[in-house]
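Here is the structure we will look at, set down as structure tokens.
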2 protein chains.
Amino acid sequence: MPYTKKHKENTRIKILESAFRLFTAKGFDGVTVNVIMNDCGLTRGAFYAHFTSKADLYAASLKFSASSSNLAKLKPVNISDKEWVSLLLDGYLSFEHVQGIQPCPLAFLATDINTRSEETKAVYAGVYHGMNKAMMEFTTSYVDCDEQDILSVTAMIIGAVAIARTMGNKNAVIKLLAACRREAGLKLGVI
Amino acid sequence: MPYTKKHKENTRIKILESAFRLFTAKGFDGVTVNVIMNDCGLTRGAFYAHFTSKADLYAASLKFSASSSNLAKLKPVNISDKEWVSLLLDGYLSFEHVQGIQPCPLAFLATDINTRSEETKAVYAGVYHGMNKAMMEFTTSYVDCDEQDILSVTAMIIGAVAIARTMGNKNAVIKLLAACRREAGLKLGVI
DNA sequence: GATTTAATATGATCTATATCATATATTAGA
DNA sequence: TCTAATATATGATATAGATCATATTAAATC
């Protein structure tokens, strides 16, 4: 019995992490299998022992990030829903997020996803649904806002991060993020 | 003197139109030079008499669309600023827009633009700036809203269209667009 | 209608990259 | 330390697509 059972699984996870980071930064066509594998210290040949294709990896990396970013599960037990919403907005609309620290695929892959397979798009749709559902559940306990409010706020913050990422001017990014943070705060009762 | 002077210019415009439609629909890497040229009834060989490269065309098509979609110039003379803002929001947040009729590059290329050249990104930034400036000018005449309000509304409508485009479910698209139309209307005084 | 010249098409090249086939390296247990 | 089984690396293949070089076509003027 060569290698421990977890060895391959660990490698798989390393590939998924590199893939997610690179795909969100550069899109499907902006990254090669070679680059992804090198990024996690391997070579391209090992790739097909883990995934059937580059497209397969893209979808898998999206699923992987979704599974490790469940907003409800990540919530610390000792804070209120309101405090959690405030923290989530702060993080989402932060300069660090725009730079790609813990990138949200909804914002980073918003247009890239359109040229992917239906199955891949379905994964993306699931992430989007999850975000709205979580925000709905958190806000319902302390503020009066309906589904339309939530949909408009998530569209705004996703849009803000997507646009911010295209900008070269840091001050303009900060201004845009602050504007949307204020607006989201007003809407969701966390100013 | 073979051909009229306008012949080449007309061909150039046909290429730009095809390119803009195809690039917005499928992104830079989702379209080939061949496909663009065939789309306007030509073959790939003719391409390099008009543009130096595919990347050159992408940037040119973005500029071209910007020049033909100046919101201030498009405004009919016989309507008020307020009516114009209302019409613009209706059109932007329409199902037809999501389907790609007169696509706004800000929404359709939001993440695609990140892997393009700095010059190309600058063109995109210009379009974004133009949109905000126009909205600011239209709204200032009849409603009290500051730059932050405008920035948050444009982020929302761009985000809404970008996300809507990823969805397979028409009803979900309609719901999202309606939510953002209501919100934008509240913010900009055009309910 | 013939000539000239620009516009367009055809065929070729060259490169990047996904994928595959095969060889090598690694490690758990004997 | 040796062996078996698996993971990984290397080298090869194949294809797509951007770009270029050259040939062909079309139209304005004579």
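Only heavy atoms go into these numbers, but all of them, side chains included; no hydrogens, no water, no symmetry mates. Order of the sequence lines sets the chain letters (A, B, ...), proteins ahead of strands, with each chain counted from 1.
Between Ser152(B) and the choices Lys187(A), Arg182(A), Met156(A), the side-chain contact (heavy atoms from CB on, under 4.5 Å) rule is met once, by Met156(A).
Applying the 4.0 Å criterion to OP1 and OP2 of dT8(D), one finds that His7(A) has a side-chain N or O inside that range. In this model, the phosphate group of dT8(C) is approached by a side-chain N or O of Thr11(B) to a distance below 4.0 Å at OP1 or OP2.
Side chain of Thr11(A) to backbone of His7(A): a donor-acceptor contact under 3.5 angstrom is found. Counting only distance, with no hydrogens or angles, the side chain of Lys26(A) and the backbone of Asn114(B) share no donor-acceptor pair below 3.5 Å.
Nucleic acid contact class of Val31(B) (heavy atoms, under 4.0 Å, all strands): sugar-phosphate only.
A donor and an acceptor atom, one from each side chain of Thr111(A) and Asp112(B), are nowhere located under 3.5 Å apart.
Contact check of residues 38-65 of chain A against DNA chain D (heavy atom, cut-off under 4.0 Å) returns Gly41(A), Leu42(A), Thr43(A), Arg44(A), Gly45(A), Ala46(A), Ala49(A), His50(A).
Atom CG of Asp29(A) and atom C1' of dA18(D) are 14 Å apart (whole Å). For the pair Lys14(B) NZ and dA7(C) P, the computed distance is 14 Å after rounding to whole Å. For the pair Glu9(B) CD and dT8(C) P, the computed distance is 12 Å after rounding to whole Å. Between the CD1 atom of Ile36(B) and the P atom of dT8(C) there is a distance of 16 Å, rounded to whole Å. Rounded to whole Å, the distance from CG on Asn10(B) to C1' on dA27(D) is 15 Å. Computed from coordinates, the Asn34(A) CG to dA16(C) C1' distance equals 11 Å when rounded to whole Å.
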> Stepwise, does the salt bridge (charged side-chain N to carboxylate O under 4.0 Å, His left out) test hold for Glu137(B) with Lys133(B)?
Replying inline: CA-CA 6 Å; Glu137(B) 285 168 3; Lys133(B) 186 154 172 276; 3.7 Å; yes
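A pairwise comparison of heavy atoms in Arg181(A) and Ser86(A) identifies NH2-OG, 3.2 Å as the closest pair.
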